[in-house]
Amino acid sequence: MSHILNYIDVAHRCVKCGDEMQDFNSKISGMSKIEELSQNTTCIHKMHPMSKLITTLVYVVTVISFNRYSITALVPFIFYPVILMSLSETPYKPFFKRLLVALPFSAMAGISNIIFDKEILATIGGISISAGVVSFISIILKTILTVFAVLILMSTTKLTELAFQLTRMKIPSILVLQLTMTYRYISVLLKEASTMFTAYMIRSTDHKGIKFKDMGVFLGQLILRSMDRAERVYCAMKCRGFNGEYNRTCSKRINLKSYVYMIGISSLIIIFRFYNFSMLLGSLWG
Amino acid sequence: MHMADALLSPAVGGVMTAISVGTLGYSAYKVKKDDLDEKKVPIMGVMGAFVFAAQMINFTIPGTGSSGHIGGGIMLAALLGQYPAFLTIAAVLIIQALFFADGGLLALGCNIFNMGFFSCFVAYPLIFKPILKKGINTKNITIAAVLSTIIGLQFGAFSVVLETLASGITELPFKTFVALMQPIHLAIGLVEGIITAAVVTFVYKMRPELLENSVSGKAMRDISMKKVLSVMAVLVVVVGCVLSLFASAYPDGLEWSMEGVSGTAELEASGGIYDSLSALQEKLAFLPDYSFKSDEDGSNLGTATSGIVGAILTLGLAGIVGVSISAIKKKKKDK
């Protein structure tokens, strides 16, 4: 009987730590989701990585160059994510999930504007709108647009291709290698950590996660395991002729389509920067 | 304390990116010069991934019931040395920005500076290393780790305040912002410092050579404190000049902090550059000095309303465009 009770207890703990493990797994799957998306072959995916990188930079810089009371002028910029996501057949759901990560800090700054900036800017239909509210909406809008732009770039471009472009831009190869290797090993080490975590949870008497006093040993163990792994990785790389450089044989040149994409979209972005499309449309309507 | 793109102005983002890129370039050069790159690359890569995994593990903070996780700057510096640690943190932050929307593309410069620079190039060489040079033991490791983590985080948090205010996006007064950020990060720093100490002590007990190598490491032999300090001094001056230049161009950015310092909100700024810059700003800003406020005659009300109507129409249009593209694509596929 005590045996069975023991099993039930262990099973119970497994379920308990299963909840906590979700966090691990969602992070792993979240990352592979974006990587999966980047394997597609739509017209946006086929564009040269460099043209997409430059366009994204132009877009982000333009969006954040608006002052803090801009809303109507920012709204047309929503065309960029909408059109690109439809063309690249990217689903919205994973993006919104990530938006939740980015929002809190921006929201905090935005809310402080509502509190401190109480000047009334306009009264519409008897409701007075303060400058703080306007800037709050503007900050949230900017957050959404910038987060989406970066996620679109990553879900239509493979990290390895982007990394190769970085080396062509004369970014030191050690940094680029560092980037790609870290990326590659995140899921490996997350699995390692999650195995250790499960083991810890099953052995622990309460189910409240890792105790503060065990944190040093736990993370220290993880470090030693990581270092051992690194050693093995190094030996394996050395066996395959690694000499500290990032080698790639063929380099794709920017084709005409990509030039057209980059210049076309960038100029549209800049036009929208100086002409308020919303106002134009609104005045036509009225 | 990740800065977001939405809270930055292009000028602040650009300046901080330039500073971080410079520091990254120098670190890459140092790692390469010391001939460490080949062997360090896999270790750095895997350790970067380690930071990710470690950040996923929440621990319960005793007495509070809340949980926290580590940042890892000092830990990496202690085990890898400052230059490789800086490169590693940068890679972690870049991946966080690109794949997890934690921080932004343009905010990367700020984030690398806030979280990497201060722990790797200020707290580690000026606090952590000197203490451990006196002798590596549990007591010294604990003091060094806690002190350097707290100080690194305090600098980082203060730098977040300055960058946000200089961007002029938030209305938060300087004093309130500082009073909010510094104590929070003091608490975070204390907890993180204790954990860092525990981890480093554990690693030291298991593999003493790892810590000994990086503290007395041959890689760091040629860096004197003087050099670090003078580089810092130059950086401070450069940052100060650039920030003040641009602060006068965008007066609303630093005005609150000025109020706190000098008692007046406005710096007396005039002259050719200032005038032309503000004229440029008027042209660039779509609502120059909040054009749709002030007048009570209702003419501006009209502009505001048409703006809102236009924005709603634009949203609708964007939606229609998106749906139709998807529909067309689907139709093509079905064929």
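Keep in mind that what you see is a predicted model, and the values were worked out from it rather than measured. Residue numbers begin at 1 in each chain, while the letters A, B, ... track the order of the sequences. Just so it is clear, the values below take in all heavy atoms, side chains as well, and ignore hydrogens, waters and symmetry mates.
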Can you confirm whether B:M44 sits close enough to A:L177 that some side-chain heavy atom of one is under 4.5 Å from a side-chain heavy atom of the other?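 With C-beta onward as the side chain, the pair stays apart.
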
Identify which part of A:L175 has an atom lying under 4.5 Å from any heavy atom of chain B, answering side chain, backbone, both or neither.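 Side chain only.
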
To the closest 0.5 Å, what do you measure between CG (A:L284) and CG (B:L313)? 9.5 Å

Report which part of B:T88 has an atom under 4.5 Å of a heavy atom belonging to chain A: side chain, backbone, both, or neither.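 Interface part for B:T88: both.
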
Can you see which heavy atom on A:V82 is nearest to which on B:G322, and at what distance? CG1-CA, 3.4 Å

So which of B:L79, B:I328, B:L317, B:V323 has the biggest tally of heavy-atom pairs under 4.5 Å with chain A? B:L317

Nearest-0.5 Å distance, CZ of residue A:R98 to CZ of residue B:F99: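 Atom-to-atom, A:R98:CZ and B:F99:CZ are 9.0 Å apart.
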
For B:A28 and A:I174, work out which heavy atoms get closest and say how close. CB-CG2, 3.6 Å

Evaluate the criterion side chain to side chain contact (heavy atoms under 4.5 Å, CB included) for residue pair B:L315 and A:F79; output intermediate values, then yes/no. CA-CA 8 Å; B:L315 275 177; A:F79 275 110; over 6 Å; no

So for A:V147, is it side chain, backbone, both, or neither that comes closer than 4.5 Å to the heavy atoms of chain B? side chain

Would you say the side chain of A:M85 lies within less than 4.5 Å of the side chain of B:I325, judging by non-hydrogen atoms? no

Please round to the nearest 0.5 Å and tell me the distance separating atom CD1 of B:I195 and atom CE of A:M215. 5.0 Å

Please look at B:I194 and chain A and tell me whether the side chain, the backbone, both or neither of the residue comes under 4.5 angstrom of a heavy atom of that chain. side chain

Excluding sequence neighbours, so at least two apart, what forms side chain to side chain donor-acceptor pair (under 3.5 Å) with A:Y185?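 A:Y185: no side chain to side chain donor-acceptor pair (under 3.5 Å) contacts found.
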
Can you check whether B:F50 reaches A:L222 side chain to side chain, under 4.5 Å on heavy atoms? yes

Heavy-atom proximity to chain A below 4.5 Å, by part of B:L24: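 Interface part for B:L24: side chain.
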
Measure distances from B:A197 to the heavy atoms of chain A and classify the residue's part below 4.5 Å as side chain, backbone, both or neither. neither

Of the backbone (N, CA, C, O) and the side chain (C-beta and beyond), which part of A:F218 lies under 4.5 Å from a heavy atom of chain B, both, or neither? side chain

A:E89 portion near chain B, given a 4.5 angstrom heavy-atom threshold: side chain

Would you say that A:S86 contacts B:K329 through its side chain, given a criterion of any heavy-atom pair below 4.5 Å between the two side chains?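 Contact flag for A:S86/B:K329 side chains = no.
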
Could you report the tightest heavy-atom contact between B:G45 and A:M181, atom names first, then the distance?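 Nearest heavy atoms, B:G45 then A:M181: CA-CB, 4.0 Å.
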
Heavy-atom proximity to chain B below 4.5 Å, by part of A:V60: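 A:V60 touches chain B through side-chain heavy atoms alone.
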
Using a cut-off of 6.0 Å, state whether more than 12 heavy atoms not belonging to A:Y92 lie near its atom OH.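 Counting other residues, nucleotides and ligands, OH of A:Y92 exceeds 12 neighbours.
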
Interatomic spacing from CG in B:L8 to OG1 in A:T146 - rounded to 0.5 Å: 9.5 Å

Hey, could you give me the CD1/CE distance between A:I223 and B:M206, rounded to the nearest 0.5 Å? 12.0 Å

If you take all heavy atoms of B:R207 and A:L224, which pair is closest and at what distance?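 It is CG-CD2, 3.7 Å.
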
Which heavy atom of B:G48 sits nearest a heavy atom of A:T182, and at what distance? C-CG2, 3.5 Å

Are any of the side-chain heavy atoms of A:F116 and B:P173 separated by less than 4.5 Å?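 Result yes, sub-4.5 Å side-chain heavy-atom pair found.
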
Sequence neighbours excluded, which residues qualify as side chain to side chain donor-acceptor pair (under 3.5 Å) partners of A:S155?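 A:S155 satisfies side chain to side chain donor-acceptor pair (under 3.5 Å) with no residue once adjacent residues are dropped.
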
Of the backbone (N, CA, C, O) and the side chain (C-beta and beyond), which part of B:L7 lies under 4.5 Å from a heavy atom of chain A, both, or neither? side chain

Can you tell me how far apart OH (A:Y183) and CG (B:L98) are? Round to the nearest 0.5 Å. 9.5 Å

With heavy-atom distances below 4.5 Å as the criterion, would you say the side chains of B:I95 and A:L179 are in contact? yes

With respect to chain A, which residue among B:A97, B:A4, B:S27, B:A198 yields the maximal number of heavy-atom pairs within a distance under 4.5 Å?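 Top count of heavy-atom pairs under 4.5 Å with chain A: B:A198.
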
For the residue pair B:T314 and A:P76, what are the closest heavy atoms and their distance? CG2-CA, 3.6 Å

